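Every heavy atom of this structure was used, including side-chain atoms; hydrogens, water molecules and symmetry mates were not. This structure is a prediction, so every number in the text was calculated from the model and none was measured.
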Amino acid sequence: MFARTGMLPKNVLLAGGHRPSPPVSKRSVSAPQPTVQTAQTASSPGGSPRKAAKKAAAGGGSSATQPTSSPAPRIAGKSTRSRSGSGGANKKRKGRKSSSAKGRSRRRGGRNQAPKGTAMEQGQYHENAFTAGYELGRYEGGELILEQALPMHLLLPEVQLQDVIAIGAQQLLPHCLPLAGVHEVFAEMEQAMHERRPCAVVRLGDGELLTLAQDVVYDTATVQREGTFLPYAGVVPPDLHARDQLAEAIRQAHFVGVPQSRRKHYHPLLHPACRGNHLNLAALRLTSSTINYGLQQAGLLGRLLAGKQILVIGNAAPALAHVLTERGFSVSGLISPVRGVRDAERVIHESRAFEFDLALVSAGIAAVMICTRIAHERGRAALDFGHMADAIVKGQVALTH
């Protein structure tokens with residue numbers, strides 16, 4: 001199964017960035033203003049003001065009465081147009097543009113730059129930020145809740161948050177549902193195979209619970225956002241038909257592995273998802289969702305497989321069958337690949353071609369449907385094997401008789 005993670009098996013289940021850049025001041029560069037001689041100073045040393053005025057009038061009028069329309073006076077035989085005309089304006093605009101461009105460049109640099117300093121200093125900066133975020137989350141997710149639960153006029157004695165939780169958990173034990181341990185599940189499966197009767201052991205993880213949650217806990221958009229892995233696990237939401245098929249398969253299972261992990265889409269989603277599909281957990285035989293790993297850790301998986309005809313189902317079936325055969329187990333057949341819940345019918349049909357005592361099914365969410373149908377239609381034992389198949393193939397699990 002996909003993303004089947006959780007806490008170690010138990011025997012009870014509750015029923016119920018960067019630093020901001022410093023401000024940068026813009027600088028506007030103004031072009032130097034030329035020193036322009038007036039009509040009087042431009043006249044010859046011996047000339048009179050009246051003659052200067054006449055000369056200015058002949059050139060276009062007095063600069064005192066028409067300053068905006070008078071032509072640019074000549075200085076040292078050159079026109080001042082080249083110094084104070086369009087060229088000066090262009091220079092002024094160029095100066096302003098250059099200054100603003102520098103300011104933008106500085107601001108962009110300030111936003112994109114990592115904290116200055118050595119690599120060690122930068123690593124310390126990020127580590128401190130992570131620690132601060134972790135401490136805040138720990139406080140708001142635990143200590144703050146405890147603060148709010150206590151009366152204002154009382155002071156709690158010196159006690160740790162985990163101690164408070166442990167004391168509270170003890171008070172909830174009468175409301176818990178029992179989980180079958182690995183030895184009980186092993187004994188039940190062994191007896192079923194000996195008597196040639198059905199026994200389906202299925203497991204619920206985040207993929208199954210999100211599938212069940214469609215339109216009863218979450219809307220389609222939420223399921224698609226929270227369960228981006230669901231197509232890989234075999235369901236493309238929205239798929240209410242898959243939801244209903246899954247709920248019916250759970251009702252028919254002999255053991256249902258449920259998650260004890262308190263992560264978002266595990267145990268916290270278990271009760272509302274089952275309630276929304278009218279699944280009464282108290283009426284089911286429950287075990288841990290990590291029962292496949294629990295059997296191996298207890299040294300019971302090899303004993304369960306020894307002397308049995310095994311049918312291997314799933315995408316990893318060819319590799320798993322090869323490893324099992326090498327280790328002395330008897331594989332009577334394999335079915336691969338399994339393309340999601342829509343492929344379950346084909347798998348059941350193909351299983352009729354094989355004789356077997358136990359089916360090991362590693363097929364994502366479809367494994368729940370396949371296991372219960374094999375058990376009831378073929379009268380055989382079936383174990384939702386999940387990623388245990390990959391662990392065996394990769395040599396991560398020492399599987400012996």
Side-chain angles (χ1 to χ4, degrees), residues 1-17 19 115 120-185 203-210 213 217-218 222 226-227 256-275 281-282 284 286-299 386-387 391 396:
M1 301 294 296
F2 181 82
R4 297 272 183 81
T5 61
M7 299 169 60
L8 292 177
K10 298 180 182 177
N11 60 353
V12 293
L13 174 72
L14 288 178
R19 296 178 178 173
M120 181 178 297
E121 290 172 344
Q122 292 184 26
Q124 185 66 38
Y125 172 82
H126 291 297
E127 182 179 349
N128 292 342
F130 172 83
T131 301
Y134 173 82
E135 292 297 336
L136 178 62
R138 181 183 177 87
Y139 169 72
E140 293 187 348
E143 303 287 356
L144 178 59
I145 297 173
L146 178 57
E147 285 179 24
Q148 295 169 341
L150 293 170
M152 291 293 293
H153 65 282
L154 294 178
L155 176 64
L156 190 71
E158 186 178 7
V159 61
Q160 298 296 318
L161 176 64
Q162 54 265 34
D163 297 326
V164 176
I165 294 175
I167 294 170
Q170 289 293 322
Q171 304 302 312
L172 293 172
L173 292 182
H175 303 280
C176 292
L177 298 176
L179 301 182
V182 291
H183 289 86
E184 182 180 350
V185 174
R203 304 178 304 112
L204 306 182
D206 54 349
E208 288 77 16
L209 294 177
L210 281 169
V217 180
Y218 297 141
T222 302
E226 299 290 328
V256 180
V258 291
Q260 294 161 278
S261 168
R262 301 289 300 181
R263 290 183 180 273
K264 185 177 181 180
H265 296 136
Y266 291 86
H267 182 269
L269 185 56
L270 172 66
H271 293 281
C274 288
R275 185 168 55 251
L281 288 173
L284 302 174
L286 303 177
T287 187
S288 171
S289 62
T290 58
I291 185 63
N292 52 341
Y293 296 100
L295 289 168
Q296 188 275 329
Q297 291 168 358
H387 283 298
Q396 298 170 346

How far does [atom1] of [X] sit from [atom2] of [Y], to the nearest 0.5 angstrom?
X	Y	atom1	atom2	result
Gln148	Glu143	CD	CD	12.0 Å
Leu144	Leu136	CG	CG	9.5 Å
Ile291	Leu286	CD1	CG	12.0 Å
Thr131	His126	OG1	NE2	12.5 Å
Gln396	Gln296	CD	CD	11.0 Å
Thr287	Asn292	OG1	CG	10.0 Å

Minimum heavy-atom distance Ser261-Pro268, with the two atoms named: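 What the structure gives for the nearest pair is O-CD, 3.8 Å.
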
Give me the atom names and distance for the closest heavy-atom approach of Ser289 to Pro259. OG-CA, 3.4 Å

Where do Leu209 and His265 land on the side chain to side chain contact (heavy atoms under 4.5 Å, CB included) test, with the steps shown first? CA-CA 7 Å; Leu209 294 177; His265 296 136; 5.9 Å; no

Using the side-chain contact (heavy atoms from CB on, under 4.5 Å) definition, which of the options Gln171, Gln170, His175 pairs with Leu173?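 With Leu173 as partner, Gln171, Gln170, His175 yield a single side-chain contact (heavy atoms from CB on, under 4.5 Å), made by Gln170.
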
Side chain to side chain donor-acceptor pair (under 3.5 Å) with Asn128: which residues, sequence neighbours excluded?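 Expected list: Gln124.
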
Could you pull out all residues at least two apart from Gln160 that satisfy side chain to side chain contact (heavy atoms under 4.5 Å, CB included)? Gln162, Asp163

With sequence neighbours left out, what residues match Leu150 under side chain to side chain contact (heavy atoms under 4.5 Å, CB included)?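 Partners of Leu150 under the side chain to side chain contact (heavy atoms under 4.5 Å, CB included) test: Leu146, Leu156.
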
Please work out whether the ring planes of His267 and His271 are parallel, tilted or perpendicular, with thresholds of 30° and 60°.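 Geometry flag for His271 against His267: perpendicular rings.
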
Going by heavy atoms in the side chains, are Leu270 and Leu281 under 4.5 Å from each other?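 Yes, side chains in contact.
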
Going by heavy atoms in the side chains, are Leu179 and Gln260 under 4.5 Å from each other?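 Leu179 reaches Gln260 side chain to side chain.
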
